[in-house]
Amino acid sequence: MFFTLPLLLAFVPGQNVVNGVPQVDFDRMGIVGLAGAFAGLDLFHNSSVHFDTTTSTLLSRSPDGFLTPLASTNPGGSILAGCSLGDTFYFSGSFTSINGASVSNVASYEPSSGFFGSLGSNGPNGEVRAVFCDAKNNKLWVGGNFTSPASSVAVWNIPTGMWVQPPFSGITGAQAEVNSITTNSSQTSLFFAGSFTTSFGTSSLNGTNNPNVPFSAGATPFSSSLVPIPLQQAEVDGSPSSDAAGFNDIHNILCPSGPDGAGNTWFAADQNAALITIRAFSFISANGVRLGNTFQNNHGTTGFTVTTIPDNNVQTLQYIDPTTGQNTTCSNPCPLSTDASILYQDFLFPSSMSITGVQIKLSEFTGASPGLHLLQLLSSGAFASSVEANNGVSCFAPNPSNTTSTGQWVAKVANTDIAGTIQTVLTSVVEVGTSPAAGPSFTWIPYVSAAGNYDINLLIPGCTNLQDCAMRTTVKVTVFPGQGLQPVVSTINQQNTADTAALIYSGPILPSSPAFVTTISMSLADSPAGTGQSGQYELVADRVQLVLRSSNISASGDANGSAQGADRGFGFLEWPLNLPAVTSGGTTVLPNSTLTFLDSLGFDLLNGLGGTVTSNSVVINAVAHHTSGAIFFGGAFSLTSGAASGSSNIAIFKNGALSPLAESGLDGPVTSFALSGDQLFVGGSFRDTTSGSTHGSLAGVALYDVQKNNWSSLGAGVNGKVNSLGLLSGQLQVVGNFTIVSPDEATGINAAGFAAWDIKSSSWVNPGGFIAGSLSFIGNGTSSQFVAGNVVASQRFGAAGMVMLKNGGSDGPQVTPLGGELGVSSPQISTNSSSRRRRNHISRATSWMSQLKVSHVFSRQINQLVSLPSSVTASAPAVLAGAFWTNHSAEIVIIGGNFSFFSGSVASRGVGLYNPQSKFIRGLNGSQPNGIVRALLVDGNHLYVGGEFTILGTNVNGLAIYDLEKDQWDLTGLQPLQAISGSNVVVRSITQSATKANTVIVAGSFAQAGSLRCQSICTFDTDTIQWNSLGSGIQGEVASVAYAGKDQDTLIAAGSIALTDNVVSNVVQFSFANATWSSVGTNADLPGPMTAVEVNGGNASSIFAAGPSADGSTALYFWNGIKWTTLGSSLQAGSNVAQLIMVPVQETHAGNSVIEADRMLMISGMLTDPVFGNASSALYDGQNLIPYIVSTSPTGDSGAVASLFHSFSTFSFDRHRFLAAGVVILISIAIAAGVVFLLALIGILWTLFSRKEDKVSKLDAEDDDDSTRHRPSSLLEHINAATRTTILGTTPFAEYNTEEKVAQDPFGPDASNYVRTETPSDAVGGMLSEEMSRPAHARYSFDGTGEGELPISAGSKVEVLDDRDPAWWYARDVQTGREGVVPAAYLY
């Protein structure tokens, strides 16, 4: 609905109905559906909300998807980002006010109080595009395009309430804007992305690699920087081995001392594959293997596999293809080059692994057998152990890692997390209170072969395995990374119970040289944790692990060069949160001490862009860190050089280098990411991969599978730009500037800027609430989501044309939207791309009633007859009619209208069968209605479908029959309807009358049925499959049909109608008793055609009709049996009433001469009133028109309600009142006790004064046998039998249900025994809960001629209201609404 009052800050979330709005008793009507042309709806509010599309509106979204408007910016403002910290939600963008209060670019919102606040007075002076809530440090980081309080990045210190500069000032260049601030997977660093350049320098770094490592085109600077693991203490076996001298010792190839040949090469036995096994029996942190082939005559390896121990998994390896220079992966087998110029090749694991060994199978070879010249196991970078024996010399290394220590250190043996292995560590005991300077210390000096960015981990064995938890404490660790680099000091807790690796440094490390070595020193912390044991602490020294992240940090990129302060990157910066501030007032160059492994992403990106950025359009908008360590980045760019050359708009950084994604990325800019496990959802302005592999099906949103390295579509995407993605409750939320989401190439679902994708079912689903507009942001809060953008309209419930209604609490009915999503009709959407781009311009305007002006049709007959009013348009998807069918035990809702959907892979249109329990909707089998369905009727297992449609391959025109049980069309013998000349057939009503068995009444706009002329209303005999006329018939068009009389013996029709005598009436009645038509009132009382009619409780003297009045407005008319009266309706011109229906209410109102106190008239359609504005349904109590339901179309305009439909064909407006169950039980006990006492007293008196032995009746054996078959079956019947015994002087069962029973047994099972809980009969067995019932079916027919009995037919459906008596049950006939008792055995 489009409201006209301004949005107020004091808007109360969750207010569902205004005070005094009646509560409709939907449950008395059975299962209830509300259908129409809407995409969202809500109950009417007093506080109307106007959405100004020039502002940006912030809304909250509850976990079930319901939306609540919160605030709006100044005109021209925008909200672009947000995050939650504690109970506060922070949001940012470009705005100067929130709800009229002065707020600049960043604001806070307190959900508990509804308060909006500004953040200081000196905040960012430009657009803020990204925010990050740092819960650990209680800070808010913001990024964007501003210059104060710092360039592009600023920090709001929450405890002090002040804006401060960030701890760096290195973001300049390009557009100098930050578009994204995210965190790494461990939440220890921030990632800044956008359009800027980074510069690192200020320190001289010697980037010399170990000169002993020979060059090979099969390795990279990264892999050649990994120190080989010394294998002197390992068990190494190669079998079967050759017996050739000089070629039979596998150890010769671990670190060959000479060229390929005898003494430096190993052969396998001839004609055999070989298996090389390396077992260290202790912890190894490995990153891959290095293999050098042999080029000796008649020998060589061409294929191999690597299996790690102890997990026994064949590894997928990454390597450089020496012929192409491209990164490649392999598994089983991996190729080994036979080019003699390739000295060796490095094959790396996907990430560093903790193993105890490997098995290398040489499975493919040339010549007589496979062989190798070089075999090395590569470490993760570098290492050093506290146990000197484990620090062997690595191949090509000039010296091993070593250690130094002070104090006394002793060896302890600890178990490891790897089965069958142990690890020796050193420990030192120190007295509690000892100063760090006086205590023991330990220093590791790892051999580092090359300069690079490293993570240094301190490995700490768990105290559980060492059984020393009570003695553990904290230690101080100091890292000296390189000459000219500042040391890093941290405090590490060693009280961990399980093995752990503590990160103690991340940044540049210089290689080992005679002038400098990296050291890691450990001593007692300045303030040790814990109390120790027996007055002592224990310090534990195990190993340090250096994990290489990127190599060669010198500016020149030369492995052997050095440079000062020239490393530059673009669009990406990592900032570890534990780093101290490095600038004050800021330089534009960051010191190398802040450089991290991942900053190489920016370096490589700049190189891939050609070394410079000249276009303002090049930008990084989104970053996601996968748990594998890979970083995905997306934006607007095209890489022209480097390893990822050819990539567009999205790429990945892994293993220290850029890599392309599958199909070289996407063909348009990327705006946002959402990462869920191995599924990366991508949003933006693209249609396909760069290579065009999906044929345009990605369309704005796509899914990339990290493990499978492939792209897949989300249906067929959206028809516009995606600005932001969110994840909540297993669904992906998509917001942007689009109007349609597509489940496939042929179907579209209206979604004006907001859509939801269910990840598990891989389908577009109802997002809960409804919103229409161009949305810019969605993000998660503490307990809800927040959505923002230029909003046209919003409603609490999102629903594609239909909702289910049930009684709810004090805040209104329970509303359940349709579980599936309905779309525009499939013929309206072409599969070619140009048609899909114009999807929002397709013809979707279809009325509930024909738009045809038919006055010319009758101009020669009736000069006064005018056409039906044009109804509001019903844009697809619109549900215009509903019915119910019981499929065995399931109640199926059948809907019809102007929509399409897919059930599985089958396209369906116009009619859907919906199961509310499973929330599954399916279509009809066979050909689909080609047009619009406006009316439905279920008769047994047959569905009558009416409207304005044809069916391919048949002669159907506006009416068809479908066999629901056989699941197929049943059109045999059905003669089609014929149109009035110059118009189309339109069926608007399909009904049945209880007084006319085996007859269906069809009404609308048509000339004849088959060859029978029965204009606009005919009867269809379901037995003979023949059309018949109703009396002498009518002229004109019928819009609505209702029934009056005890057994619906009078039909009431409304529309633009004249009788055969050419008298215009517009509301007429047909008597089934004498088969005659007559006017209801005179034409003078009804100035024009009526669009809807309703009979109040079957009373022919209480009829309501709606239609245009003389002044052009829409009026409500009342027939009191004598004349028509115009009621006090204030509906304005442009209103259109589609349905009138009487509904019961839960609480009575002040009754009057028009409408009784226990009901109201529900008016539905498109209603406009000068007081309440727009509504889709209103309630009328005979005096007041009360707005009830508002709805909105997919485009944000006012929606409309077409019909309210229910499963009970008839229902009672009477509202039963029940006592509380406890009170009823007490009354029941009291009555039962009193009856028993009275009967006992009467029996005693009767026995004393009237007993005569010679008159005692003798029991007849045959009667006794019969009586046992009719033994009283309830406490009440036992009391009745006992009373008969006492009064009549017989045995308890003597005359019970015998053939000679009295004419009317006062104690028999009549209806007086079954007046719910208001009678003693109900009280005897306890009390059913209020309104409890269950469905049942009649097994046999029962004439029900007795007092209070209910006649039923075999197969009919009833509702069991009381089943406490095993013999007789109290029930209601669902079709007639009558109630009474029936034999229990007759029901199932």
Side-chain angles (χ1 to χ4, degrees), residues 24-26 28-30 32 883 937 939 989-997 999-1001 1003 1017 1019 1030 1038-1054 1067-1081 1090 1092-1106 1116-1125 1127 1139-1145 1148 1151-1164 1179-1182 1203-1216 1350-1351 1356-1359 1372-1380:
V24 177
D25 195 348
F26 292 108
R28 294 194 66 77
M29 306 168 75
V32 179
L937 173 72
D939 180 26
S989 171
I990 308 176
T991 58
Q992 286 180 305
S993 169
T995 196
K996 193 74 171 175
T999 301
V1000 172
I1001 300 170
I1017 188 164
T1019 65
L1030 279 173
V1038 176
S1040 178
V1041 170
Y1043 291 91
K1046 181 179 179 181
D1047 294 315
Q1048 299 181 326
D1049 52 13
T1050 301
L1051 179 148
I1052 310 295
V1067 178
V1068 296
Q1069 62 182 356
F1070 177 79
S1071 172
F1072 289 102
N1074 53 28
T1076 59
W1077 287 96
S1078 60
S1079 298
V1080 179
M1090 297 293 104
V1093 69
E1094 171 67 335
V1095 178
N1096 182 4
N1099 184 359
S1101 296
S1102 181
I1103 302 176
F1104 296 90
L1116 185 64
Y1117 301 91
F1118 175 64
W1119 172 257
N1120 62 3
I1122 300 174
K1123 65 176 183 177
W1124 287 103
T1125 304
L1127 299 175
Q1139 184 193 47
L1140 299 175
I1141 182 172
M1142 300 302 302
V1143 295
V1145 291
T1148 58
N1152 49 66
S1153 60
V1154 178
I1155 296 180
E1156 295 89 329
D1158 56 5
R1159 68 198 73 180
M1160 286 190 180
L1161 178 68
M1162 186 171 176
I1163 308 169
S1164 296
L1179 297 173
Y1180 183 67
D1181 64 1
S1203 66
L1204 180 85
F1205 57 99
H1206 49 86
S1207 60
F1208 289 174
S1209 59
T1210 60
F1211 54 87
S1212 173
F1213 290 100
D1214 296 332
R1215 180 70 179 170
H1216 291 290
L1350 175 66
S1356 62
K1357 181 179 179 181
V1358 299
E1359 185 182 16
R1372 176 196 293 144
D1373 190 315
V1374 173
Q1375 293 295 323
T1376 66
R1378 294 181 59 182
E1379 299 180 0

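Keep in mind the model is a prediction, meaning the values are calculated, not measured. Atoms considered below: every heavy atom in the structure, side chains included; atoms not considered: hydrogens, waters and symmetry mates.
Judged by distance alone, the side chain of Asn1099 and the main-chain N or O of Gly1121 form no donor-acceptor pair under 3.5 Å. Judged by distance alone, with hydrogens and angles left aside, the side-chain atoms of Ser1101 form no donor-acceptor pair with the main-chain N or O of Ile1122 at under 3.5 Å. For Arg1378 (side chain) and Leu1350 (main-chain N/O), no donor-acceptor pair under 3.5 Å exists by modelled atom type. Remark: the backbone N or O of Gln1048 is paired with a side-chain donor or acceptor of Ser993 at under 3.5 angstrom.
Under the 4.5 Å side-chain criterion, counting only non-hydrogen atoms from C-beta, Leu1051 is in contact with Ile1017. Annotation: side chain of Leu1179 is in contact with side chain of Val1143 (closest heavy-atom distance under 4.5 Å). Under the 4.5 Å side-chain criterion, counting only non-hydrogen atoms from C-beta, Gln1139 is in contact with Leu1204.
Going from atom OG of Ser1040 over to atom CD of Glu1094 covers 8.0 Å, rounded to the nearest 0.5 Å. A distance of 6.5 Å separates CG of Leu1116 from CG of Leu1140, quoted to the nearest 0.5 Å.
Ring geometry for Phe1211 against His1206 counts as perpendicular: the plane angle is over 60°, on a 0 to 90° scale with 30° as the lower cut. Using cut-offs of 30° and 60° on the angle between ring planes, the pair Trp1077 and Phe1070 is tilted. Taking the six-membered ring where tryptophan is involved, the planes of Tyr1117 and Trp1124 are perpendicular, since the angle between them exceeds 60° and thus also 30°.
Judged by distance alone, the side chains of Ser1078 and Gln1069 do bring a donor and an acceptor atom under 3.5 Å apart.
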